[in-house]
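Values reported hereafter were calculated over all heavy atoms of this structure, with side chains retained and with hydrogens, waters and symmetry mates removed. Order of listing sets the numbers, starting from 1, for every ligand and every atom in it.
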Amino acid sequence: MIKIATIAGSDASGGAGLEADLKTFEEYGIYGMAAVTLIAAMDSQREWAHSVFPVAEDVLRAQLETVFRGVGADAVKSGMLGTFYAVELAAEYLSAWHIKNYVLDPVMVCKGAGEALNPELNAVIAEKLLPLAELVTPNLFEAAQLAGMREITSIEQIKEAARIIAGKGARYVFIKGGSKLHEIETAAGIITNAGQAVDVLYDGKNFHLIENELIDTGWTHGAGCTVSAAAAAGMARGLSVYEAVLLAKKFITESLRGSFALNKWIGPGNPSGWRARSLWGFAQK
Ligand code: PXL
């Protein structure tokens with residue numbers, strides 16, 4: 001059996017974090033494991049404000065022992081780490097167990113939460129985890145943070161950020177879309193029709209533009225988690241990084257096609273939507 005582990009936070013609402021990762025692994029037909037770094041809960045009495053409860057260091061270490069020593073994994077992804085010790089522990093276990101297929105999703109902000117989690121932590125993520133990553137999957141904000149740039153507002157800056165991030169040790173840098181990337185690419189003439197989404201993959205030498213249908217939805221909670229989980233799952237199945245990213249983009253496009261509201265604040269994609277559509281002809285009532 002192909003096995004994969006996520007080192008990530010739990011999202012009690014089920015759309016992001018390790019819940020999104022495990023749902024995605026399931027769709028790829030592989031065995032998923034999770035080492036929980038923190039628990040995120042949301043308050044419906046306070047505009048869906050996020051609270052984050054870190055898991056104690058010894059409890060995280062015990063889970064990593066279970067996953068790495070007790071079972072072993074063909075690929076690993078990390079998501080929201082939340083504490084310095086979680087970053088250190090992830091680095092320790094990924095290097096000790098020589099994990100080649102490691103996908104770093106440098107989660108720095110929750111959609112809907114608005115604020116960066118912890119700028120000092122971002123620097124440690126860059127220092128300790130980028131050198132171990134086969135693939136890193138920042139959005140524009142995270143790419144700027146990892147590259148030490150103030151902000152990214154042009155194609156030239158996207159390329160500069162990707163080169164700096166690769167220079168810090170990640171083999172492949174996948175800069176994920178979002179409306180700001182869409183705006184920049186439209187201004188640069190890369191996007192020629194409004195219904196197109198173009199993401200950027202840098203392999204250390206060349207830039208690849210990956211084109212898909214743009215799914216016009218506000219319900220994108222967990223999309224970043226899902227796309228990095230899907231890329232890691234493809235790599236666990238033996239795809240090249242390029243092939244894994246292409247398939248991950250297809251997967252998130254299909255997931256967002258089935259996106260839906262959980263309440264008035266938040267809505268996720270549906271990782272199993274493609275299967276429901278093929279079985280039932282529709283994904284939800
Ligand atoms: O979508 C980023 C994210 C990642 N991980 C956890 C989260 C969130 C956003 O809510 O809760 C655990």
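Any N or O atom pair closer than 3.5 Å counts here, and His50 shares at least one such pair with ligand 1.
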From CA spacing to verdict: side chain to side chain donor-acceptor pair (under 3.5 Å), Glu134, Asn101:
CA-CA 6 Å; Glu134 186 66 11; Asn101 292 324; over 6 Å; no
Hey, mind stepping through Ser259 and Thr217 against side chain to side chain donor-acceptor pair (under 3.5 Å) and telling me if it holds?
CA-CA 7 Å; Ser259 66; Thr217 174; 2.9 Å; yes
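A side-chain donor-acceptor contact under 3.5 Å links Gln157 and Thr153. Glu19 and Ser10 share a donor-acceptor pair across their side chains, judged by distance under 3.5 Å alone.
Checking Gly9, Cys225, Gly15 against atom 4 (C) of ligand 1, the nearest heavy atom belongs to Cys225.
Close approach to His221 involves these atoms of ligand 1, each under 4.0 Å from a residue heavy atom: 9 (C), 10 (O). Close approach to Ala40 involves these atoms of ligand 1, each under 4.0 Å from a residue heavy atom: 11 (O). Near Gly17, the atoms of ligand 1 lying under 4.0 angstrom from a non-hydrogen atom of the residue are 4 (C), 5 (N), 6 (C), 12 (C). Ligand-side atoms of ligand 1 in range of Ser10: 12 (C), range being under 4.0 angstrom from any heavy atom. Near Ala16, with a cut-off below 4.0 Å to any heavy atom, the atoms of ligand 1 are 1 (O), 3 (C), 8 (C). Of all atoms in ligand 1, listed by their number and element, those nearer than 4.0 Å to a heavy atom of Met80 are 3 (C), 4 (C), 5 (N), 6 (C), 7 (C), 8 (C).
A cation-pi arrangement is found for Lys159 relative to Phe207, the charged atom lying closer than 6.0 Å to the ring centre and inside a 45° cone about the ring normal.
In this structure, Gly79 has no heavy atom closer than 4.0 Å to ligand 1.
Screening residues 195-214 for salt bridge (charged side-chain N to carboxylate O under 4.0 Å, His left out) gives Asp199-Lys249, Glu213-Arg257 as the qualifying pairs, with residues at least two apart or on separate chains.
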Without placing hydrogens or testing angles, list every side-chain donor-acceptor pair under 3.5 Å for residues 93-100, not counting sequence neighbours.
from: Tyr93; atom 1: OH; to: Arg61; atom 2: NH1; distance (Å): 3.4
from: Tyr93; atom 1: OH; to: Glu65; atom 2: OE2; distance (Å): 2.6
from: Ser95; atom 1: OG; to: Ala91; atom 2: O; distance (Å): 2.5

